[in-house]
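Here's the structure, in structure tokens; my notes come after.
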Amino acid sequence: MSTQTDLTIPRAELLTLLRSMKLIRRFEERSAEHYARGNIGGFLHLYIGEEAVAVGVISLLREDDRIVTHYRDHGHALARGLDTAACMAELFGKATGVSGGKGGSMHFFDVSRGFMGGHAIVGGQMPLAVGLAFANRYRGQDSLVVCFLGDGAVNEGEFHESMNLASLWQLPVLFLLENNGFGMGTRVERASAQPVIHRLADRHNIRSRRVDNGQDVFDVREATQTAIDYIREGNGPYFLEIMTYRFRGHSMADPLEYRQQHEVEPWLDLDPIRLLTARLHESGLATPDEIDTIDADVEDEVNAAIRFALESPFPSPDELYTDVYA
Amino acid sequence: MSTQTDLTIPRAELLTLLRSMKLIRRFEERSAEHYARGNIGGFLHLYIGEEAVAVGVISLLREDDRIVTHYRDHGHALARGLDTAACMAELFGKATGVSGGKGGSMHFFDVSRGFMGGHAIVGGQMPLAVGLAFANRYRGQDSLVVCFLGDGAVNEGEFHESMNLASLWQLPVLFLLENNGFGMGTRVERASAQPVIHRLADRHNIRSRRVDNGQDVFDVREATQTAIDYIREGNGPYFLEIMTYRFRGHSMADPLEYRQQHEVEPWLDLDPIRLLTARLHESGLATPDEIDTIDADVEDEVNAAIRFALESPFPSPDELYTDVYA
Amino acid sequence: MPQLTYREAIRVGLEEALAANPETVIMGEDVGAYGGSYAVTKGFLEQYGEERIIDTPISESGFVGAGIGAAIAGMRPIVEIMTINFSLLAMDQIVNLAAKARYMSGGQMTVPLVIRTVSGGGNMLAATHSQSLEAWYARVPGIKVVTPSNPADALGLFRSAMADPNPVMYVEHSLLYGSRAEVPDEPYTVPIGSASVARPGTDVSIIAYLRMTPVALSAADILEAEGISAEVIDLRSLLPLDSGTIIDSVNRTNRAVVVEETWEFGGFAGEVIAQINERAFDSLDAPVLRVAGVNVPTPYSRPLELLTIPTAEAVADKVRSLFQA
Amino acid sequence: MPQLTYREAIRVGLEEALAANPETVIMGEDVGAYGGSYAVTKGFLEQYGEERIIDTPISESGFVGAGIGAAIAGMRPIVEIMTINFSLLAMDQIVNLAAKARYMSGGQMTVPLVIRTVSGGGNMLAATHSQSLEAWYARVPGIKVVTPSNPADALGLFRSAMADPNPVMYVEHSLLYGSRAEVPDEPYTVPIGSASVARPGTDVSIIAYLRMTPVALSAADILEAEGISAEVIDLRSLLPLDSGTIIDSVNRTNRAVVVEETWEFGGFAGEVIAQINERAFDSLDAPVLRVAGVNVPTPYSRPLELLTIPTAEAVADKVRSLFQA
Ligand SMILES: Cc1ncc(C[n+]2csc(CCOP(=O)(O)OP(=O)(O)O)c2C)c(N)n1
Ligand SMILES: Cc1ncc(C[n+]2csc(CCOP(=O)(O)OP(=O)(O)O)c2C)c(N)n1
Ligand SMILES: [Mg+2]
Ligand SMILES: [Mg+2]
């Protein structure tokens, strides 16, 4: 199942990976609380359980690379270093949010960090990623675009159109499929005639690979690095299918009746944060104290974010009319 | 390249195949004439050069099978036995046309013969075919649906969505790809990252095959029969890619500047009608006299069709308002 | 049947349809195992089985087109598009196939299809998930569009939609699902193309549909206290539109305000106003006014979102303006 | 520049754009090797090379979305959708991404994209290929929609579209490509959101756009001979709409007829009428009337198709009806 701790990664960076995953986890646990209290509205799609994917992939990107993702975007945003407080403020609909309060949970943006959203139409983010990568290629830049998508998006026509364009034009884009086994309540096997999804990429002549254990941040990183190298060398797109699991419901409204406890449990055992923590312990790369410090630190950061969100003003009514046109 | 004359086909049937191909050819040559004279308007997409495909495939269908096709539909319609005069009248926009003059060249219909159109939005016919096949399966019928499409349609999202649904639901549908090398002026290789198109079907777990010489009606029939048997046995969909060539422009307006004479000529040598005629001669299955009779007969039929079309009335103005709602 | 919620009324309609015709199936995203994203089809999978309650892949063009095909084959399918926002991905199939198959074939094809979908905003779902796009469909000859605003109409219109041989877009509103009201016990239908006088009045006609009907009714309450008697017309169907009931009302009240949840510019209210203008011009004592959504993409933030959607107070205000001259 | 055809004027605009910005590319179906299905980009591939003149696969959602992405990255692409009928397949990308990217990101993104497409009927292309769908786009906040009716406006609006930082739908009409007229020599633009008085008059305002503008002008000719002086307003832009010019004209003429090529029901004319009604009600001597397409899918057959599209005679008739009371 899992590989070993990658000892080529400097210790400080290992701790950063852990911290990043913990930050996502706590950020979301606390958002769920504030959703229940009515401070956050709309749909809230938690990434809990999938943290190794966002953190593993995004930790390997350069500053000039870009990220396009779907509505389950908090993990990607935080892994990319978007301001935690501004992310929380966005959930609270505040003017200080990453999208000025206009986007909400599904539409986080930070163009200064190459974080090109947060897109809520399933599959709709893919042509955008193709277009951004087209610009890179046109300009002869070697930066790349990572396009996250869910297993559910695979059945949309835009998936097919985007794969074809990316391959045909040999664009520097990494399609990063988060296969968490379900699109809402529908199992991959009930939605896709080809449940080994990355094989669809093969047929567009896109190099592809599956990572069986996306809960292991080292596995994720190893595969991602291969993909990134391949793309940066000018070989065109790459498709990575990463197997993972969402621990919570699709959104806060999900009655979660479509999956059985006995199939969920083995996955809960594969908690990416627990896995990484255990590895760091085993290999003596982090002491319990160090981990406690990270926890405390993350707690503070999230607390500060919540305070910031609570204290920030809502957008003023004039904001309704700004940003419609440039 | 070509196989042999299939001697298991009764001689009368062989002559019917030839006649059917000749009928399509003459029908279209004469339509082109009447287009030039202004008796036919809109877009006229000729099927000339591809006759062996429509005739080969459709000659093997049962009466209760259904056909869905694209805008280049005259060949399929005539091969299915739609009334030649009513087809011509449709081109002339007459009330006696197969679609009452409302559809025109791109929208031939004859539901009584299971001919479910003539669809002009590229790729748009595929979900319809899936739905018709869904009804067959739901009802436990063993009739099937043939869905013709062009190589250009393959890049539309609906192609992908339809393939997935057909495979997932194991529907009795034969996707019949007419790969004539071009979508308008765009070569397959410039439009599809996977130019061996049927491989895309594989990846949806749809059985597939390519017929290299779609100009040979025997090759077309042999492959089609295999596909039909497979589907009727309840194995789900099948995808057949048939290599062919359109001898004329995309439509009457096509300046035809995107392909060179030297690449066209070898294809012109592979005229499906000439090929079949030669075979019948060689194998002694048809005398020159018999062929002349067919020619004369076809000529009469097309002449009669044109007369009928010319003499038929245009739809009365009230017809504008009928058929909007049932 | 005594009191039903809007959701329950639709469920009754769906269950009647499933019982009435073994060739009726329900297909759409998460209508089965998940129970429908607004819980309308909860429990159906267990009850009717997966042959009839069909979870589709997320491929709106594909499964809507498949529904059209099944309908053309003579089945009586019900397709659910989770929200009308996603219908844009199926719009080609709806506009170019469902609406035109009959006409282009010279009357040979019939498309007895009901497409259920959910429109509207007010749930903090931001710009891509809060749109009211039914007016686009309501201009396409060949389809019909209905928009029930209460449980009784929801059931009555659903029955009519299922009985109609044409493709019908049956448009629901998520903020109405929990609303509860009397539903007649005896068998009844609400004909497609018939508006209702949701509240009679004499001084002004307030014309609304879907979730703006309860808003208009509240406005009428407010106005009544001020001595203005407002008649509320609930359009119920957008296509075909019951122009007669509208014109009739305006001829009596001589004033009208049209209320629409979404973007004012280019909206359905324009059609209503054009018809009143043409057919009741001489009755008008004042211009016909609109109260509609603000012309911006819907923002997430609650205080901003609330500004985008007409309120009863805003409707009352606009009506008042007609009486100050 | 003396006389140019509408097609030539657009070509000039395209060539200027390609010359002005090395990051301007043209992408679309058959814009290259085929030369454009209406020959607008004929010869461009040879002249500018395949890096900049890009034949796309037939995948409207994919390549329109790619154009949006390239624009967001700061390029200045021009995307061609062969006809507006096919834009339905890209509608999600246009409505949910191009129009909303800026707003949803709180102003961080800009989408400087021009989408060229061809609208309208009259070519015997039947129901799926004869639609005028621009009014749907003209109600989406975040995009702009322009509809030039003559060569000078075609070039002037194209320049403005290329200079605009927002997504602009630039809608052409196939029956105008061959029309020829004077195009100013000096550098000029036509601002987006400015209507023109295509012909001044005093008795009635005929409001039209795209191919209905020449129809309206012919109607004005007919009417002049009868002593009715018609002012013709060419909207030129649908979103933003130049309401001022419309209201101004109606305030002078006191009568108006709105002409629209396609389906009357739910059309853009409704918006124009609603605005006139609201803002010029007291000036009106008669109801504002419409002359529009018939509410049916477009039939192929020539005599039927001709009945679906407004003619100058029909417009003149409608105007006359305003003077008989
Ligand atoms: C076009 C479209 N159709 C339907 C939806 C509703 N919807 C939102 S998320 C979702 C499931 C997506 O599943 P997947 O892509 O696997 O992502 P996951 O939620 O598992 O991360 C659906 C059906 C949507 N947002 N957009
Ligand atoms: C959705 C859509 N996009 C574009 C067109 C314009 N168009 C008509 S036919 C065609 C080429 C189709 O090529 P192919 O599928 O290979 O069929 P062929 O003409 O070669 O038979 C195009 C681009 C259309 N009708 N529909
Ligand atoms: Mg998933
Ligand atoms: Mg082709």
Side-chain angles (χ1 to χ4, degrees), chain A residues 121-128 130 133-134 137 149 151-173 175 177 183 186-210 235-239 241, chain B residues 121-128 130 133-134 137 149 151-173 175 177 183 186-210 235-239 241:
Chain A
I121 299 294
V122 169
Q125 76 276 26
M126 298 189 70
L128 167 61
V130 166
F134 174 86
R137 210 218 50 191
L149 64 145
D151 50 276
V154 166
N155 305 307
E156 288 281 12
E158 286 175 335
F159 170 87
H160 174 76
E161 297 187 10
S162 302
M163 304 282 282
N164 184 46
L165 288 176
S167 178
L168 197 62
W169 295 342
Q170 289 290 291
L171 303 180
V173 55
F175 294 110
L177 177 75
T186 305
R187 276 169 211 283
V188 169
E189 299 72 27
R190 302 279 298 166
S192 292
Q194 173 55 268
V196 186
I197 295 171
H198 74 100
R199 290 188 184 149
L200 294 169
D202 287 352
R203 275 307 189 242
H204 286 288
N205 283 323
I206 296 180
R207 179 77 60 97
S208 82
R209 177 169 160 195
R210 179 182 259 196
N235 296 308
Y238 199 103
F239 191 98
E241 174 178 18
Chain B
I121 299 294
V122 168
Q125 77 277 25
M126 298 187 71
L128 167 61
V130 166
F134 173 86
R137 208 217 51 190
L149 64 147
D151 50 275
V154 167
N155 305 307
E156 288 281 12
E158 286 174 335
F159 171 86
H160 174 76
E161 297 187 9
S162 302
M163 303 282 281
N164 185 45
L165 288 177
S167 178
L168 197 62
W169 295 343
Q170 290 291 292
L171 303 180
V173 55
F175 294 110
L177 177 75
T186 305
R187 275 171 212 282
V188 168
E189 299 72 28
R190 303 278 299 166
S192 292
Q194 173 55 267
V196 185
I197 295 172
H198 73 99
R199 290 187 185 150
L200 294 170
D202 287 354
R203 273 310 188 241
H204 287 288
N205 284 323
I206 295 180
R207 181 76 62 96
S208 82
R209 179 170 159 194
R210 179 182 258 196
N235 296 308
Y238 198 105
F239 191 98
E241 174 176 20

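The basis for the numbers below is simple: all heavy atoms, side chains too, and nothing from hydrogens, waters or symmetry mates. Every chain is numbered from 1 and lettered A, B, ... according to where its sequence line falls, protein lines coming before strand lines. Predicted model only: the values in this text are computed from it and were never measured.
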Taking B:W169's backbone N and O only, do any of them form a donor-acceptor pair with B:R137's side chain (distance below 3.5 Å, no angle check)?
yes

Any non-hydrogen side-chain atom of A:F175 less than 4.5 Å from a side-chain atom of A:H198?
no

Chain A interface, residue from B:G123, B:S162, B:S192 that has the most non-hydrogen pairs under 4.5 Å
B:S192

Got a second to check how far B:L177's CG is from B:F159's CZ, nearest 0.5 Å?
7.0 Å

Heavy-atom cut-off 4.5 Å, strictly under: side chain, backbone, both or neither for A:A166 against chain B?
neither

A:R207 atom CZ, over 12 foreign heavy atoms within 6.0 Å:
no

Which residue out of B:D202, B:N155, B:N205 racks up the most heavy-atom pairs below 4.5 Å with chain A?
B:N155

For A:R190, does the CZ atom sit with more than 12 other heavy atoms under 6.0 Å from it, leaving out its own atoms?
no

Contact class of A:Q170 relative to chain B, heavy atoms under 4.5 angstrom
neither

Tell me which of these, A:E189, A:R203, A:E156, A:E158, has more heavy-atom pairs under 4.5 Å with chain B than the rest.
A:R203

